[in-house]
Amino acid sequence: MRWSQTYIPTLRENQSDAELVSHQLLLRGGYIRKLASGIYLYLPLMQRVIEKFSKIVREEMNAAGGLEITMSVLCPAEVWQKTGRYNTVGKELMKMKDRHDHEMILCGTHEETVTNLIAGEVKSYRQLPLNLYQIQVKFRDEIRPRFGLMRGREFIMKDAYSFDATVESQKESYQKMVDAYFRIFERAGLEVLKVESDSGAMGGSTAHEFMLLVDTNGGEETILHCPSCRYAANEEKAVFKDLNKPEIDSEMKENEVVETPNAASIEEVTEFLKVDATRLVKTLIYMADDKPVAALVRGDRSVNETKLKNAVNAIELESATPAQVEQFTKAPVGFAGPVGLKDLTIVVDPLVAEMKNFVVGANADEKHIINVNFERDFKADKVVDITTAINGDGCHNCDGTMEAKSGIEVGNTFMLGTKYSEALNAKYLDDNGKEHPIIMGSYGIGITRTPQAALEKYFDDHGIIWPVGIAPYLVEIIPLNLDKENIAAASEIIYNDLNEAGFDVLIDDRPERAGVKFNDADLIGMPIRITIGEKSLNDNKIEVKLRSSDEVIKVDVDKIVEHVREVVQTLK
RNA sequence: CGGGGCGUGGCGCAGCCCGGUAGCGCGCUUGCUUCGGGAGUAAGAGGUCGCUGGUUCAAAUCCAGUCGCCCCGACCA
């Protein structure tokens with residue numbers, strides 16, 4: 001492609017509203033433009049990146065037995081009403097009416113649509129297993145879109161759905177997708193970590209996320225992982241062993257209400273009572289589907305709201321307002337405690353259950369109770385892990401210590417069980433003629449988010465450094481001065497030869513000065529740069545430089561195709 | 001939805017407090033010079049100052065409303 005014939009509107013200055021490097025680079029490099037909040041247009045270079053990545057995804061999905069289809073973006077609301085998600089997904093589900101006043105939704109995912117399709121068609125175990133996938137635009141009306149393509153409202157996703165007759169078979173289908181995912185990301189030049197995750201509103205049991213670990217501030221999620229046994233989970237899900245166990249008294253002491261003026265926060269109470277935070281218990285009040293819950297964790301720890309939500313089987317969980325806290329505890333925020341609490345579900349973390357003689361709020365202004373003991377002074381409705389794991393916690397699997405890393409989710413896999421097939425009546429007959437719901441799985445890869453996520457890793461001060469697998473072009477040719485006949489002629493020959501050899505080539509044929517071309521080339525980030533200028537051309541040579549290195553290699557003009565072929569092998 | 005901020009040529013911004021001819025840098029067009037890391041010079045094009053209403057002799061500027069956008073939080077891939 002000739003630069004003059006395509007459209008690459010690079011910008012010299014950063015747009016003010018781009019926060020992440022990756023977002024800035026896509027804007028500046030002329031890859032994307034914004035139409036509205038969270039809605040982007042993909043310009044020619046981005047289009048090529050999307051195509052490159054999609055091609056890899058297609059090839060690997062097909063190799064894993066997936067069948068590509070395309071489903072509609074719209075879906076009648078009643079299908080979503082049948083599975084209950086019409087209400088549970090909440091406001092991010094875009095709802096609308098057509099001219100006949102029929103309620104419709106814009107799909108943010110397609111479990112309902114695909115299950116509805118299968119329900120009418122697949123009737124026998126002989127037709128299973130089946131894996132259908134599509135690469136499609138999705139719409140989720142995010143509360144707050146940000147970070148460019150990383151959290152847009154409209155985005156492209158590859159979503160696959162597996163259908164199996166047995167649990168065994170479903171596990172195989174799941175593993176096939178997991179294996180395919182590793183191949184896909186590897187081909188795209190991305191090293192990903194598979195982590196355990198919470199299945200959330202998707203339903204089902206097992207779920208994993210594929211995370212790209214980044215060092216920039218682009219990470220959207222914290223991951224805990226154990227280097228010795230390879231256990232990895234996101235913060236929502238991660239379980240741990242406490243390595244910071246405080247000493248536990250042997251005897252229970254008499255509890256006692258003490259005055260704690262102006263001491264509401266953990267810091268203030270530890271300061272005032274001169275005790276370590278590990279001798280305190282935090283009591284946090286939440287509303288779980290409008291029912292009050294008291295969550296107790298050790299003073300030095302935080303509540304993991306996902307774990308808590310699962311513990312109380314809630315669809316919605318939010319922290320109580322100060323007014324609600326007062327209503328349930330009869331005390332202002334900061335003085336809640338479990339002793340004497342009524343009408344609340346009390347959830348106690350195991351770390352709290354094993355403590356003795358600890359400090360809690362007294363449910364009275366400026367008062368705490370010391371030497372409180374679980375079971376003796378209050379009971380729990382549930383004792384279950386509701387603490388957030390942090391960097392340095394012990395691995396629950398082995399003796400290792402877990403590290404916290406920042407990552408971006410680029411793919412996910414869910415075992416869905418029969419939630420959708422039962423709701424939408426997708427059933428098959430087994431070899432005994434007995435009817436069963438089909439067992440499902442769902443598998444997503446962010447087609448537009450992944451390349452941007454990659455850029456959080458692959459860039460330098462000058463711009464993008466694409467991995468070969470998803471670069472819009474492999475080679476960019478820079479003829480330094482097209483007015484010189486020998487340069488123009490050599491450029492044409494090289495451009496044609498590389499094209500004919502099957503490489504994706506971009507030639508910067510603009511009448512720009514060298515500096516502009518070099519800077520733009522660094523900005524848009526093609527892996528290989530070929531410079532054609534007088535100096536070298538006089539010796540019948542041209543210069544080859546990798547975007548990822550500073551080294552310039554002079555190559556004979558007639559050996560260039562061969563050279564590029566060799567160099568590509570060494571590139572990731 | 002809560003808190004903070006911003007809408008002025010394509011992009012980045014100043015002007016607004018204190019009303020009176022709309023300005024700067026980059027980009028764009030044309031000429032000449034220059035030509036291996038974002039050139040110099042000269043001449044130009046391009047703006048209903050987000051929108052609506054009000055105050056005023058006069059509004060980018062003051063007032064009210066409204067729409068859009070960004071940041072922090074809850075939410076989420």
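Below, read A as the first sequence line, B as the second, and so on, with proteins coming before strands; counting in each chain starts at 1. Computed from heavy atoms alone, side chains included, the values below leave out hydrogens, waters and symmetry copies.
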Quantified in whole Å, what is the [atom1] atom distance between nucleotide [N] and nucleotide [M]?
| N | M | atom1 | result |
| --- | --- | --- | --- |
| B:rU61 | B:rC16 | P | 12 Å |
| B:rG27 | B:rG9 | C1' | 11 Å |
| B:rG47 | B:rU33 | C1' | 33 Å |
| B:rG73 | B:rC18 | P | 36 Å |
| B:rA42 | B:rC6 | C1' | 37 Å |
| B:rG12 | B:rG53 | P | 28 Å |
| B:rU29 | B:rG15 | P | 31 Å |
| B:rU21 | B:rA60 | P | 9 Å |

Rounded interatomic separation in angstrom, taking [atom1] from [X] and [atom2] from [N]:
| X | N | atom1 | atom2 | answer |
| --- | --- | --- | --- | --- |
| A:Glu19 | B:rG4 | CD | C1' | 14 Å |
| A:Arg28 | B:rG38 | CZ | P | 15 Å |
| A:Glu235 | B:rC76 | CD | C1' | 15 Å |
| A:Asp141 | B:rC1 | CG | C1' | 14 Å |
| A:Leu523 | B:rC11 | CG | C1' | 14 Å |
| A:Asp198 | B:rC75 | CG | P | 13 Å |
| A:Phe518 | B:rA39 | CZ | P | 13 Å |
| A:Arg151 | B:rG73 | CZ | P | 10 Å |

Task: CD (A:Gln327) with more than 12 external heavy atoms under 6.0 Å - done: yes
Which is true for [X] with a 4.0 Å heavy-atom rule: it touches a base, it touches only sugar-phosphate, or it touches nothing?
| X | answer |
| --- | --- |
| A:Thr306 | nothing |
| A:Gly533 | base |
| A:Gly152 | base |
| A:Met150 | base |
| A:Glu534 | base |

In the structure shown, which nucleotide is the Watson-Crick or G-U wobble counterpart of [N], with both distances under 3.5 Å?
| N | value |
| --- | --- |
| B:rG36 | none |
| B:rU55 | none |
| B:rC69 | B:rG5 |
| B:rA42 | B:rU30 |
| B:rG25 | B:rC11 |
| B:rC76 | none |
| B:rC17 | none |
| B:rC49 | none |

Open item on the list: Quick check against the 3.5 Å criterion: does A:Tyr31 have a side-chain atom that pairs as donor or acceptor with the backbone of A:Ile524?
Closed with: yes
TODO: Go through the steps to decide whether A:Ser162 and A:Tyr443 satisfy the test side-chain hydrogen bond (donor to acceptor under 3.5 Å, both in side chains), and finish with yes or no.
DONE: CA-CA 8 Å; A:Ser162 66; A:Tyr443 317 91; 2.7 Å; yes
TODO: Compare all side-chain heavy atoms of A:Tyr7 with those of A:Leu45 and state whether any distance is below 4.5 angstrom.
DONE: no
Quick one: does [X] reach the base of [N] with a side-chain donor-acceptor pair under 3.5 Å?
| X | N | value |
| --- | --- | --- |
| A:Asp522 | B:rG37 | yes |
| A:Glu543 | B:rG36 | yes |
| A:Glu13 | B:rG25 | yes |

Under 4.0 Å from OP1 or OP2 of [N]: is there any side-chain N or O of [X] that close?
| X | N | result |
| --- | --- | --- |
| A:Arg146 | B:rC75 | no |
| A:Lys34 | B:rC70 | yes |
| A:Ser37 | B:rC70 | yes |
| A:Arg144 | B:rC71 | yes |
| A:Arg513 | B:rG40 | no |

TODO: On RNA chain B, check which nucleotide each of A:Glu305 and A:His462 is closest to and give me the residue with the more 5' one.
DONE: A:His462
Task: Residue mapping more 5' on RNA chain B - nearest nucleotide basis, A:Glu142 or A:Ile532 - done: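 The answer here is A:Ile532.
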TODO: Consider the side chain of A:Ile143, meaning its heavy atoms from C-beta on, and name the nucleotide among B:rC28, B:rC75, B:rG36 that approaches it most closely.
DONE: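 For A:Ile143, the side-chain atoms sit closest to B:rC75.
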Task: Residue pair A:Met46 / A:Pro451: nearest heavy atoms and the distance that separates them - done: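 For A:Met46 versus A:Pro451, the nearest heavy atoms are CE-CB, 4.2 Å.
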- [ ] For residues A:His110 and A:Tyr420, establish whether the separation of their ring centroids is below 6.0 Å.
- [x]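 No - the distance between ring centres of A:His110 and A:Tyr420 does not fall below the 6.0 Å cut-off.
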Open item on the list: Between A:Arg151 and A:Glu220 (salt bridge meaning N to carboxylate O under 4.0 Å), is one present in this structure?
Closed with: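 Looking at A:Glu220 together with A:Arg151, the answer is yes, because their closest N to O distance falls below 4.0 Å.
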Task: Mutual orientation of the aromatic rings belonging to A:Phe210 and A:Phe182 [parallel < 30°, tilted 30-60°, perpendicular > 60°] - done: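 If you compare the ring of A:Phe210 with that of A:Phe182, the planes turn out perpendicular.
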